Undergrad: 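Below is a structure I'd like to ask you about.
This structure is a prediction, so every number in the text was calculated from the model and none was measured.
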Amino acid sequence: MASSSGNDDDLTIPRAAINKMIKETLPSVRVANDARELVVNCCTEFIHLISSEANEICNKSEKKTISPEHVIQALESLGFGSYISEVKEVLQECKTVALKRRKASSRLENLGIPEEELLRQQQELFAKARQQQAELAQQEWLQMQQAAQQAQLAAASASASNQAGSSQDEEEDDI
């Protein structure tokens, strides 16, 4: 790898991914650590080479995003044409998996309930929530009214006891 940035670790394939590929490809073969490191470096260099060429092809076609077609053209121009049929198969598999994921992630489709029915249920839930909110507001208003009445009664009672106490004081003064 001809990188002078010092961030070579940021630009490599994770070792765990390489180890998994080696174990799946060669299950009964032991591979030395320095050989694994060499495989990591080769994979990284290969990806840099292909992506750089695909980027040039993309720029020549005045596009801003590298597409699968740019990668396939890069493979061809770099002499890796024998990989193209496999690459196209993998690309098709990826598209199929992505399509399945998109379909699986759609909650509406997974529910099996028509959108009109879901909308009706939503409106029903909103109506229930509004009703509950109105009932709570009514209860709060009634509690406030009761508290105000109790305060008035307490004030009237206190006023009456104060008046009774005042008239008793006047009688005691007369004695």
Side-chain angles (χ1 to χ4, degrees), residues 1-140:
M1 229 169 23
S3 176
S4 60
S5 66
N7 292 351
D8 289 345
D9 289 339
D10 295 340
L11 302 174
T12 62
I13 298 172
R15 292 191 202 304
I18 295 297
N19 289 337
K20 183 179 178 188
M21 283 191 281
I22 290 171
K23 284 180 184 177
E24 288 175 359
T25 307
L26 307 167
S28 60
V29 176
R30 288 182 46 154
V31 180
N33 285 336
D34 57 343
R36 289 176 192 270
E37 185 68 27
L38 181 61
V39 171
V40 168
N41 289 336
C42 289
C43 290
T44 302
E45 189 60 33
F46 181 76
I47 290 170
H48 283 293
L49 181 67
I50 299 298
S51 59
S52 295
E53 183 68 19
N55 187 46
E56 287 181 28
I57 293 170
C58 178
N59 288 337
K60 286 178 186 173
S61 61
E62 298 180 3
K63 301 286 183 181
K64 293 188 178 189
T65 304
I66 297 173
S67 70
E69 291 74 24
H70 296 137
V71 175
I72 291 170
Q73 289 174 11
L75 287 169
E76 182 69 41
S77 71
L78 291 171
F80 296 107
S82 61
Y83 292 109
I84 292 177
S85 61
E86 269 188 82
V87 167
K88 287 182 178 180
E89 287 175 21
V90 170
L91 176 61
Q92 190 55 47
E93 287 174 25
C94 289
K95 285 181 179 181
T96 303
V97 168
L99 184 62
K100 285 180 183 176
R101 281 188 186 151
R102 267 185 259 132
K103 284 184 178 179
S105 69
S106 173
R107 290 184 179 178
L108 292 178
E109 290 177 15
N110 288 341
L111 289 175
I113 301 172
E115 193 171 346
E116 295 80 22
E117 175 63 17
L118 290 172
L119 186 59
R120 185 195 64 73
Q121 289 176 4
Q122 182 184 40
Q123 294 301 324
E124 197 174 285
L125 288 171
F126 285 156
K128 282 182 184 178
R130 281 191 294 273
Q131 179 66 30
Q132 288 174 346
Q133 189 66 32
E135 289 172 3
L136 279 173
Q138 179 75 18
Q139 287 175 353
E140 288 176 6

Undergrad: Identify the two heavy atoms, one from Ala54 and one from Ala74, that lie closest to each other, and give their separation to 0.1 Å.
TA: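 In this case the closest contact between Ala54 and Ala74 is N-CB, 3.6 Å.
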Undergrad: Donor-acceptor pairs under 3.5 Å, side chain of residues 25-37 to any protein atom, not counting sequence neighbours: which ones?
TA:
{"unit_1": "Thr25", "atom_1": "OG1", "unit_2": "Met21", "atom_2": "O", "d": "2.7"}
{"unit_1": "Arg36", "atom_1": "NE", "unit_2": "Val31", "atom_2": "O", "d": "3.2"}
{"unit_1": "Arg36", "atom_1": "NH1", "unit_2": "Asn19", "atom_2": "OD1", "d": "2.8"}
{"unit_1": "Glu37", "atom_1": "OE1", "unit_2": "Arg15", "atom_2": "NH1", "d": "2.7"}
{"unit_1": "Glu37", "atom_1": "OE1", "unit_2": "Arg15", "atom_2": "NH2", "d": "3.1"}

Undergrad: Could you measure the distance from the OG atom of Ser51 to the CD atom of Glu56? Nearest 0.5 Å is fine.
TA: 10.5 Å
Undergrad: Could you tell me which non-hydrogen atom of Cys43 sits nearest to which non-hydrogen atom of Ile18, and how far apart they are?
TA: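 So the minimum-distance heavy-atom pair works out to SG-CD1, 3.8 Å.
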Undergrad: Can you list every pair that meets ring-ring contact (aromatic ring centres under 6.0 Å, His included) and has a residue in residues 28-47, with sequence neighbours left out?
TA: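 For residues 28-47: Phe46-Phe80.
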Undergrad: Taking only distance into account, with no hydrogens and no angle test, what donor-acceptor pairs under 3.5 Å do side-chain atoms of residues 122-138 form with protein atoms, sequence neighbours excluded?
TA:
{"unit_1": "Glu124", "atom_1": "OE1", "unit_2": "Arg120", "atom_2": "NH1", "d": "2.7"}
{"unit_1": "Gln131", "atom_1": "NE2", "unit_2": "Glu135", "atom_2": "OE2", "d": "3.1"}

Undergrad: So, do Lys95 and Leu91 sit near enough that their side-chain heavy atoms are less than 4.5 Å apart?
TA: yes
Undergrad: Tell me every residue that passes side chain to side chain contact (heavy atoms under 4.5 Å, CB included) with Asn55, counting only those two or more places apart in sequence or in another chain.
TA: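 Side chain to side chain contact (heavy atoms under 4.5 Å, CB included) list for Asn55, sorted by chain: Asn59, Ile66.
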Undergrad: Pairs in or reaching into residues 64-79: which pass side chain to side chain donor-acceptor pair (under 3.5 Å), with residues at least two apart or in two chains?
TA: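 As it turns out, the side chain to side chain donor-acceptor pair (under 3.5 Å) pairs with a partner in residues 64-79, which skip direct neighbours, are Glu53-Ser77, Ser61-His70, Ser67-Glu69, Ser67-His70.
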Undergrad: Return each pair, listed once, that meets side chain to side chain donor-acceptor pair (under 3.5 Å) where at least one residue sits in residues 81-92; pairs must be two or more places apart or across chains.
TA: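 Non-adjacent pairs meeting side chain to side chain donor-acceptor pair (under 3.5 Å): zero.
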Undergrad: Please identify which of these residues, Asn41, Ile47, Val39, meets the side-chain contact (heavy atoms from CB on, under 4.5 Å) condition with Ile13.
TA: Ile47
